[in-house]
Amino acid sequence: MGQNRPLYKFDSMKDFHYSTIEKAIRYIRTHFKDQPSLEDIAQHVHVSPSHFQKLFTDWAGVSPKSFLSHVSVNYAKYLLRERQLSLFETAHETGLSGTGRLHDLFVTIEGMTPGEFKNNGQHLNIYYDAYPSLFGNVLIASTDKGICFVHFYENKQKAIENLRNEFPEATFKNEKKPSHDDVIKVIEGLPTKNKINLHVKGSPFRLKVWNALLSVPEGQLTTYKHIAVQAQSPDASRAVGSAIGANPVAYLIPCHRVIRNDGGLGGYMWGPDRKCVMIAHEKSKYYENPVTGILP
DNA sequence: CTAACTCGCCGTT
DNA sequence: AACGGCGAGTTAG
């Protein structure tokens with residue numbers, strides 16, 4: 001399984017890696033029934049098989065062949081079945097044990113005060129910068145109370161615009177902060193030095209939903225319905241969907257760990273492919289080969 | 001037995 | 001009043 005292995009030698013390689021990997025994953029998802037060979041996949045992403053093999057293994061920690069078994073429609077269904085057996089216990093027991101690599105438990109939400117909320121961020125200093133990450137480029141921003149914005153992006157200017165849009169009256173400084181590095185660490189599944197604070201704005205209902213998400217451990221899945229129950233609105237699955245979609249801090253509030261009750265992947269703000277990659281990658285750290293024997 | 005469809009849910013804009 | 005990152009029940013194959 002090998003966790004904690006260095007994933008890259010150079011940061012600048014990350015983005016190239018990710019786009020190649022994403023392309024490969026997309027190919028695998030749409031062709032999984034054909035069980036494409038290493039050659040097939042490598043050819044599709046225009047890389048030599050041997051190079052692709054290395055690239056992929058460096059990125060994921062498992063070979064493409066092993067990885068293939070993670071990504072399929074049946075995979076999600078399988079997880080769902082497994083989840084039904086033990087979700088309550090595992091989520092709660094593991095969630096509170098504090099052992100292992102449950103970074104999300106170290107994340108706490110501090111809602112914005114009504115004032116900050118209403119003023120659109122007036123008198124708020126916001127420090128932001130763009131970073132490459134395991135799952136593509138991210139724009140990270142923080143106030144002095146905590147992280148307030150994490151968006152994956154294709155177009156940097158657009159992303160910055162979204163950020164300004166979120167807090168129209170705030171003062172922005174293009175400046176790196178130490179807390180930003182912790183965010184990257186979490187995204188890469190590595191331990192962080194410090195506890196991470198979130199400083200986000202949202203209605204009481206949204207905060208409830210986001211808090212519920214924080215109790216979903218890394219590598220596990222839950223459903224919109226289940227979150228609705230936890231938020232004490234058991235019939236509000238759909239509203240939960242919108243609330244999750246409005247999550248301003250990607251990955252830290254793990255909206256990628258929520259799938260449909262029927263086993264479907266569900267939507268994702270930053271593309272279903274990316275969601276699928278995240279799920280598969282997290283899962284691959286826990287099981288070497290979880291679905292052997294149940295593929296079609 | 002699945003896959004598509006319908007219709008109800010409920011917090012936001 | 002309309003619109004979703006949804007779900008349960010129903011129907012068509």
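Below, chain A is the first sequence line, B the second, and so on; all start at residue 1.
A:Met269 places its CE atom 12 Å from the P atom of C:dG4, with the value rounded to the nearest Å. Straight-line distance from the NZ atom of A:Lys201 to the P atom of B:dT12: 14 Å, rounded to whole Å. As rounded to whole Å, 17 Å separates atom P of B:dT6 from atom CG of A:Asp262. In this structure, A:Gln230 atom CD and B:dC10 atom P are separated by 19 Å, rounded to whole Å. Between A:Gln232 atom CD and B:dG11 atom C1' the separation is 15 Å, expressed in whole Å. For the pair A:Ile227 CD1 and B:dC9 P, the computed distance is 22 Å after rounding to whole Å. Straight-line distance from the CG atom of A:Leu265 to the C1' atom of C:dG5: 10 Å, rounded to whole Å.
Without hydrogens or angle criteria, A:Asp58 side chain to A:Leu55 main chain gives no donor-acceptor distance under 3.5 Å. The closest donor-acceptor contact from the side chain of A:Glu116 to the backbone of A:Thr113 lies under 3.5 Å. Side-chain atoms of A:Arg206 do not come within 3.5 Å of backbone N or O of A:Gly202 as any donor-acceptor pair. Proximity of a side-chain donor or acceptor of A:Arg26 to a complementary backbone N or O of A:Asp273 within less than 3.5 Å is not detected. Between the side chain of A:Lys275 and the backbone N or O of A:Ile259 there is no donor-acceptor pair closer than 3.5 Å.
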Every protein N/O lying under 3.5 Å from an N/O of nucleotides 8-11 of chain C:
residue	atom	partner	partner atom	Å
C:dA8	OP1	A:Asn261	ND2	3.3
C:dA8	OP2	A:Asn261	ND2	3.2

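The other members of the hydrophobic cluster of A:Phe172, by chain and number, are A:Met112, A:Leu124, A:Ile126, A:Tyr128, A:Leu139, A:Phe149, A:Tyr153, A:Ile160, A:Leu163, A:Phe167 (side-chain heavy atoms under 4.5 Å, ILVMFWY only).
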Contacts table for residues 237-248 of chain A: side-chain donor-acceptor under 3.5 angstrom, sequence neighbours left out:
residue	atom	partner	partner atom	Å
A:Ser242	OG	A:Arg238	O	3.1
A:Asn247	OD1	A:Val249	N	2.9
A:Asn247	ND2	A:Val249	O	3.2
A:Asn247	ND2	A:Ile253	O	3.1

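Judged by atom type and distance alone, A:Tyr224 reaches the base of C:dG5 through a side-chain donor-acceptor pair under 3.5 Å.
The structure places NE2 of A:His151 at 13.0 Å from NZ of A:Lys158, a figure rounded to the nearest 0.5 Å.
Scanning both residues, A:Arg257 and A:Val216, for their nearest heavy atoms gives NH1-O, 2.9 Å. Considering all non-hydrogen atoms of both residues, A:Ser233 and A:Phe205 come closest at OG-CE1, 4.0 Å.
When heavy atoms are screened at a 4.0 angstrom cut-off, A:Tyr268 is found touching base atoms of the nucleic acid.
For DNA chain B, if you chain together Watson-Crick or G-U pairs that step i with j, i+1 with j-1 and so on, the runs of at least three with distances under 3.5 Å are B:1-8 with C:6-13, B:10-13 with C:1-4.
Of the residues in residues 237-249 of chain A, those placing a heavy atom less than 4.0 Å from an atom of DNA chain B are A:Arg238, A:Ala239, in numerical order.
Checked against salt bridge (charged side-chain N to carboxylate O under 4.0 Å, His left out), A:Lys177 has the following partners two or more places apart in sequence or in another chain: A:Glu175.
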